[in-house]
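Worksheet: the structure to be examined is printed underneath.
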Amino acid sequence: MVAPSVVHWFRLDLRIHDNLALRNAINEAENRSHILRPIYVIHPEAKNRIGGNRLRFLIQSLNDLDANLRKLNSRLYILRGDASKCLPKVFKKWNVKYLSLQVDIDPEYIKQDEVIEKYCEENDIFVVKRVQHTVYDVHSVVKKNNGSIPLTYQKFLSLVKDTQVKEPIEVTKVLSEGCKPVDFDCKDYDVPTFSQLDFDESSLLECKYEGGETEALKRLNVYMAKKQWVCAFEKPNTSPNSIEPSTTVLSPYISHGCLSAKLFYHKLKQVESGNRHSEPPVSLMGQLMWREFYYTAGSGTENFDKMVGNPVCTQIPWKKNDEYLKAWAEGKTGYPFVDAIMRQLKQEGWIHHLARHMVACFLTRGDLWVSWEDGAKVFEDLLLDYDWSLNAGNWMWLSASAFFYKYFRVYSPVAFGKKTDKEGLFIRKYVPELKKYPTEYIYEPWKAPKSVQTTAGCVVGVDYPKRIVDHDKIHKENMQKMSAAYKLNKEKKSLKRPRPD
Ligand code: FAD
């Protein structure tokens, strides 16, 4: 008879610190002298499901997690396959009696969890689920709002105002030898290498943000030590096009759960305490609250990542245009600021929030009139910090489909970048074909006389694309289309409202 086991299933909680579900599993294994198996399930097609930069970040994070678990006399067991199919088999083989995991709101995980939980119920496996990817329990927030999602940030803040946020917990218990299985050293469970995943790492550039809890805590501490910077932080005053990031770049770590959002919250509270500091929505705490806001909205809205069937999303007649989408995604629109941002995203996997504003507005209501859903899919592939609810929520905001309705406030692909980078250093770095352009033309190379283009070694239409659209003209046409779509949506809504008797 195989000795009974306890499993902790890591998903978006790739850390030891502040991991209540993991601590529950460790205590259960210790108290009952069961085997402990902390697992992660990787899909064999992972390289086709997530972009290369994110895959590298994930593998680094798993290696770091494994190393940290080994310090507790345990390890990470990697399983390969589709979780809903492979877990029941493994649970049987390991004689699993207890499963702990983190609560998730992504519909793909919810569906998977239903299958696993049903199996557990039928096979007497005790399941413990903990909210630990957000500061607040978003379902409780919706409940407090009488079952509706808060549609504004201020409403969300008012709902959580009096909620006490528990201190993050420590997980330090070193496991007894009795909790190790006989196959502890089995290499089959090791974190896969790129070649085992059939992924060619040489296609990636140098790694700018290394994955893992160790790096996440280091990064958090560096930023929290800059007390004045934290207290003065105001998002609109940070730069979308500085060469070094002007915000924390904690997002990839929070999204993968290498960093606990609750720990970040408490560290910010400590720094702010007793000091004059900026306030939400612009403060650093305010940024974390945006995350909570979108998680809450995503948890209570059907089809949150789609336009059709999504009750909070304005229906806008976007046009399918693969040529525009490709040019945008590859940084070949002929607008240097937009192209530099998209190339930075492709190379490094992270771009500043206001840079995301620029390119998302450009793709949708501003210029190309392509659906936000198409843009969100490109971001899903390229972002290190890809997060289901934050991506969909922010795309809806930028396309003025939900949460934000001043659709006529459009970002200029020429003027916006100049505010923080007159010389165009950011463009020169990420669009190197333009690097010798005089500052006068760096944002508008099509305006440079042919002789200047030739001297700079980059002729527009030959070495760098011509503008895909004329922003000054197209954005005005698009505003008329937005106005018509808003009008139609309003009429449809009023028709749906029950008539007073
Ligand atoms: P900081 O300014 O240092 O903020 C600290 C933390 O607050 C971030 O790490 C993040 O967790 C949170 N945060 C900051 N801004 C936002 C915001 N607007 N919404 C929600 N949370 C926020 N963020 C993601 O993490 N994943 C995504 O998939 C994602 N997709 C986006 C798509 C679009 C179109 C836009 C406009 C924004 C998107 N964001 C997304 C939000 C935001 O741009 C990033 O969280 C932020 O730029 C990350 O950089 P940072 O860690 O330096 O942020």
Side-chain angles (χ1 to χ4, degrees), residues 12 50-51 53-54 57 106 133-135 138 153 156 208-209 216 219-220 222-224 226 229-230 233-240 242 244-265 267-268 271 278 280-298 304-305 328 341-342 344-345 348-366 370-404 411:
L12 295 180
I50 59 178
N53 276 321
R54 189 141 62 92
F57 192 92
D106 180 333
H133 196 47
T134 43
V135 174
V138 293
Y153 180 78
F156 167 80
K208 190 153 178 185
Y209 307 107
R219 200 169 183 93
L220 177 71
V222 165
Y223 278 96
M224 293 306 104
K226 299 197 231 177
W229 182 83
V230 170
F233 185 96
E234 292 194 346
K235 189 62 154 280
N237 298 336
T238 59
S239 164
S242 52
E244 283 311 315
S246 59
T247 54
T248 64
V249 195
L250 285 171
S251 53
Y253 302 94
I254 301 176
S255 292
H256 284 80
C258 301
L259 177 64
S260 150
K262 223 175 343 130
L263 176 65
F264 186 24
Y265 171 92
K267 290 276 180 191
L268 282 173
V271 174
S278 50
V282 295
S283 62
L284 210 43
M285 181 63 91
Q287 304 316 302
L288 189 56
M289 291 301 112
W290 279 113
R291 180 173 185 272
E292 299 291 314
F293 167 69
Y294 285 121
Y295 255 88
T296 310
F304 191 66
D305 58 348
W328 173 81
I341 295 168
M342 291 308 291
Q344 183 191 28
L345 173 60
E348 297 170 7
W350 181 90
I351 50 177
H352 185 278
H353 181 60
L354 296 174
R356 297 180 203 211
H357 273 223
M358 175 71 248
V359 295
C361 179
F362 187 86
L363 181 73
T364 56
R365 67 189 157 97
V370 170
S371 167
W372 64 267
E373 287 180 65
D374 288 342
K377 281 194 196 103
V378 173
F379 268 30
E380 176 173 352
D381 190 34
L382 299 179
L383 278 175
L384 284 178
D385 63 27
Y386 166 71
D387 186 307
W388 181 79
S389 52
L390 305 196
N391 197 37
N394 275 289
W395 270 99
M396 279 191 268
W397 178 292
L398 261 300
S399 58
S401 301
F403 311 118
F404 170 80
Y411 290 93

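All values reported here derive from a predicted model rather than from experimental measurement. Note that the numbering runs from 1 along the sequence shown for the chain. Ligands are counted one by one from 1 in listed order, and the atoms in each one are counted from 1 as well.
For atom 32 (C) of ligand 1, the nearest non-hydrogen atom of the protein is N391 OD1, 3.5 Å. In terms of protein heavy-atom proximity, atom 6 (C) of ligand 1 is closest to F264 CE2, 4.0 Å. Regarding atom 50 (P) of ligand 1, its nearest protein heavy-atom neighbour is V249 N, 3.5 Å. Looking only at protein heavy atoms, the nearest one to atom 2 (O) of ligand 1 is K235 NZ, 3.0 Å. Shortest contact from atom 36 (C) of ligand 1 to any protein heavy atom: R356 CB, 3.5 Å. Protein heavy atom nearest atom 3 (O) of ligand 1, with residue, atom name and distance: T248 OG1, 2.5 Å. The protein atom (non-hydrogen) at minimum distance from atom 18 (N) of ligand 1 is H353 CE1, 3.1 Å. In terms of protein heavy-atom proximity, atom 13 (N) of ligand 1 is nearest to Q287 O, 3.4 Å.
Of all the heavy atoms in G257 and H133, the pair that sits closest is N-CE1, 4.2 Å. Nearest heavy atom pair, residue I254 against residue F264, reads CD1-CD2, 3.7 Å. Residues F304 and M396 approach most closely at O-CE, 3.0 Å, considering heavy atoms. Counting all heavy atoms, side chain and backbone alike, A261 lies closest to V135 at O-CG2, 3.7 Å. Contact detail for H353 and N394: the closest heavy-atom pair is CE1-OD1, 3.7 Å. When all heavy atoms of T247 and Y223 are compared, the pair lying nearest together is O-OH, 3.5 Å.
Ring planes of W397 and F404: parallel class, angle under 30° (limits at 30 and 60°).
Nearest to atom 19 (N) of ligand 1 by heavy-atom distance, out of L383, L390, D387, N394, is N394. Between atom 10 (C) of ligand 1 and the options S251, A261, P240, G286, the minimum heavy-atom separation is to S251. Across the listed options T364, T247, V230, T247 owns the non-hydrogen atom lying nearest to atom 53 (O) of ligand 1. Evaluated by nearest non-hydrogen atom to atom 20 (C) of ligand 1, the leading choice among E292, R291, M289, H352 is R291.
Checked for salt-bridge contact, R291 and D385 miss the test: no charged N lies under 4.0 Å from a carboxylate O.
Contact between P245 and ligand 1 is absent, with no heavy atom of the residue lying under 4.0 Å from the ligand.
H352 places a side-chain N or O within donor-acceptor distance of the main-chain N or O of L354, the cut-off being under 3.5 Å. Proximity of a side-chain donor or acceptor of S255 to a complementary backbone N or O of P252 within less than 3.5 Å is not detected.
Within the listing of ligand 1, atoms 48 (C), 49 (O), 52 (O) sit less than 4.0 angstrom from a heavy atom of W350. Taking every heavy atom of Y294 and a limit of under 4.0 angstrom, the matching atoms of ligand 1 come to 19 (N), 20 (C). Of all atoms in ligand 1, numbered sequentially from 1 with element shown, those under 4.0 Å from a heavy atom of Y386 are 28 (O). Ligand 1 places these atoms under 4.0 Å from at least one heavy atom of L284: 3 (O). Of all atoms in ligand 1, listed by their number and element, those nearer than 4.0 Å to a heavy atom of L288 are 7 (O). The contact set between ligand 1 and L250, taken as ligand atoms under 4.0 Å from a residue heavy atom, comprises 9 (O), 51 (O). The distance from ligand 1 to the heavy atoms of I254 drops below 4.0 Å at these ligand atoms: 9 (O), 11 (O). For ligand 1, the atoms closer than 4.0 angstrom to any heavy atom of F233 are 2 (O).
Ring centers of Y294 and F403: under 6.0 Å apart, within the cut-off.
Qualifying side chain to side chain contact (heavy atoms under 4.5 Å, CB included) partners for D106, counting only residues two or more places apart in sequence or in other chains: D104, E108, Y109, W388. Listed by chain and number, the residues in a side chain to side chain donor-acceptor pair (under 3.5 Å) with S389 are D387 (sequence neighbours excluded).
Within the 4.0 Å heavy-atom criterion, neither part of T238 lies near ligand 1.
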